[in-house]
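Just so it is clear, the values below take in all heavy atoms, side chains as well, and ignore hydrogens, waters and symmetry mates.
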Amino acid sequence: MIRNVLGSVVALAGAASAVLSPFRDWYGGRVGHDYRVRDLFEGITPVESGVLVSILLPFLAAALLVVLGVVLRSRLVVALAGLVVLGFTILWMVRQGQAAGSLVVGGDGAGLQVGVANALAGGVLMLIGALLMSGRRSRRERRAVREPVEPFAVPAADQVDTWPPTQEPGMSVQTSPWPEPEVDPYTGPDPRDPRTRSYPQAAPHPEDDPRDPVHPPHRPPPPPQG
C-alpha cells in the first residue's frame, strides 16, 4: 500500500513536469510547443506549430497514461508513459542536432534549455514511480489472504496420524483444544488387597472424612459397673 502511494506520487510529479515542459524554452529561445509532432519524423523546420499538434500532444497522452496506471495500480502502464516521454524527447534531440549541426548547452539561450531538462526529468520520474509501485496482487494471492489455511487440521478418526503434534503415532482421538485431564496421583496401597493390607495407610483428606467437622461424634458412655 505504501509503495503504491509513493510510486503514484513520483509518477504524477513526472507527468506534471513533462506536461509543463513544452511551455518553456527548449532550444535557442524557442518554446517546446512551437515544434510540430511531424517535425520529429520529417525534420525540424522554422514553421511554428499549434499547441494541439505540437510536441505537447504526446506528453498529454503520457500524462493520461500515468493517471490511468495510478488508478489501475499498473506498473506497466506507468512505465509505458515514461518511455513515451523519453522517446519523443530523445527523438527531438536527434532531429534538432541534425538541423543545427550539433547540440550545445549554453547559458546565453543559444543551446539546450530548461524545457528539455523538464521533459527528461519527467520521463525518468515516471520510470522511478513504476519501479516503486508494488502493483496489483494476483488472484491467487488475494485468495490466499481471504482463505487462510488451517495449520493443524484434525484428521479423520479412522486415520493414523500424529495429533496432537507430539511426534507419536496413534489414532486421532483429540477432539478438544484443551489439554487432557491428568490422572490422579498415587494415594497409597489398596487396603482391600491382602498383599498390601499391612502397609501403612495415608491419612484421608479432610474432604473425604464423612464425620462432621463442626460436631464430631462423641464416644458412648462406658457401661455401668455392677
Side-chain angles (χ1 to χ4, degrees), residues 1-28 30-44 49-100 102-107 111-149:
M1 182 65 180
I2 298 178
R3 291 186 55 186
N4 279 328
V5 173
L6 181 60
S8 300
V9 172
V10 174
L12 291 174
S17 178
V19 171
L20 292 177
S21 64
F23 297 95
R24 312 192 71 174
D25 294 341
W26 276 50
Y27 195 84
R30 189 176 181 182
V31 293
H33 61 74
D34 281 346
Y35 296 95
R36 299 178 299 178
V37 175
R38 60 184 297 182
D39 292 345
L40 304 180
F41 301 95
E42 300 176 358
I44 301 296
S49 172
V51 176
L52 296 180
V53 294
S54 67
I55 198 173
L56 176 64
L57 183 62
F59 289 177
L60 285 176
L64 292 178
L65 285 177
V66 169
V67 174
L68 181 63
V70 169
V71 172
L72 299 178
R73 291 184 295 178
S74 175
R75 304 173 60 186
L76 182 60
V77 175
V78 176
L80 178 61
L83 293 178
V84 169
V85 173
L86 291 178
F88 275 91
T89 305
I90 294 174
L91 181 60
W92 173 88
M93 295 174 66
V94 172
R95 292 301 186 184
Q96 182 62 42
Q98 292 175 349
S102 63
L103 288 177
V104 295
V105 180
L112 295 174
Q113 295 183 1
V114 66
V116 181
N118 289 148
L120 293 175
V124 172
L125 286 177
M126 293 179 192
L127 293 179
I128 294 176
L131 292 177
L132 291 176
M133 294 175 63
S134 60
R136 302 182 63 180
R137 291 181 178 179
S138 62
R139 185 176 301 177
R140 181 179 302 177
E141 292 177 351
R142 293 196 300 268
R143 185 179 302 173
V145 172
R146 294 177 183 176
E147 301 177 359
V149 180

Nearest heavy-atom approach of A79 to L127 is O-CD2, 3.5 Å
Give, for atom OG of S134 and atom CD1 of I2, the distance between the pair rounded to the nearest 0.5 Å.
10.0 Å
Output for pair (L20 CG, L56 CG), nearest 0.5 Å, gives 9.5 Å
So how far is it from L52 CG to H33 NE2, rounded to the nearest 0.5 Å?
11.0 Å
Sub-4.5 Å side-chain heavy-atom contact between V67 and L12:
yes
I need the minimum non-hydrogen distance between L125 and G14, along with the two atoms involved.
CB-CA, 3.6 Å
Report yes if some heavy atom in the side chain of L132 is under 4.5 Å from a heavy atom in the side chain of V10; otherwise report no.
yes
V78 to A11 - nearest heavy-atom pair and separation:
CG1-CB, 3.7 Å
Here the pair of heavy atoms bringing R30 nearest to D34 is NH2-O, 3.0 Å
Closest non-hydrogen contact found for F59 with A18 is CD1-O, 3.2 Å
Heavy-atom side-chain proximity of W26 to Q96 below 4.5 angstrom:
no
A side-chain contact here means heavy atoms from C-beta on lying under 4.5 Å apart; do V19 and L60 qualify?
yes
I need the R38 CZ to I44 CD1 distance, nearest 0.5 Å.
12.0 Å
Spacing of OG belonging to S8 relative to CG belonging to L6, to within rounding of 0.5 Å
8.5 Å
Which pairs pass side-chain hydrogen bond (donor to acceptor under 3.5 Å, both in side chains) with one or both residues in residues 10-23, sequence neighbours excluded?
none
Please set out all donor-acceptor pairs under 3.5 angstrom arising from side-chain atoms of residues 80-95, sequence neighbours excluded.
unit_1	atom_1	unit_2	atom_2	d
T89	OG1	V85	O	2.7
R95	NE	L40	O	2.9
R95	NH1	Q98	OE1	3.1
R95	NH2	F41	O	3.0

Side chain R75, main chain M133, donor-acceptor under 3.5 Å
yes
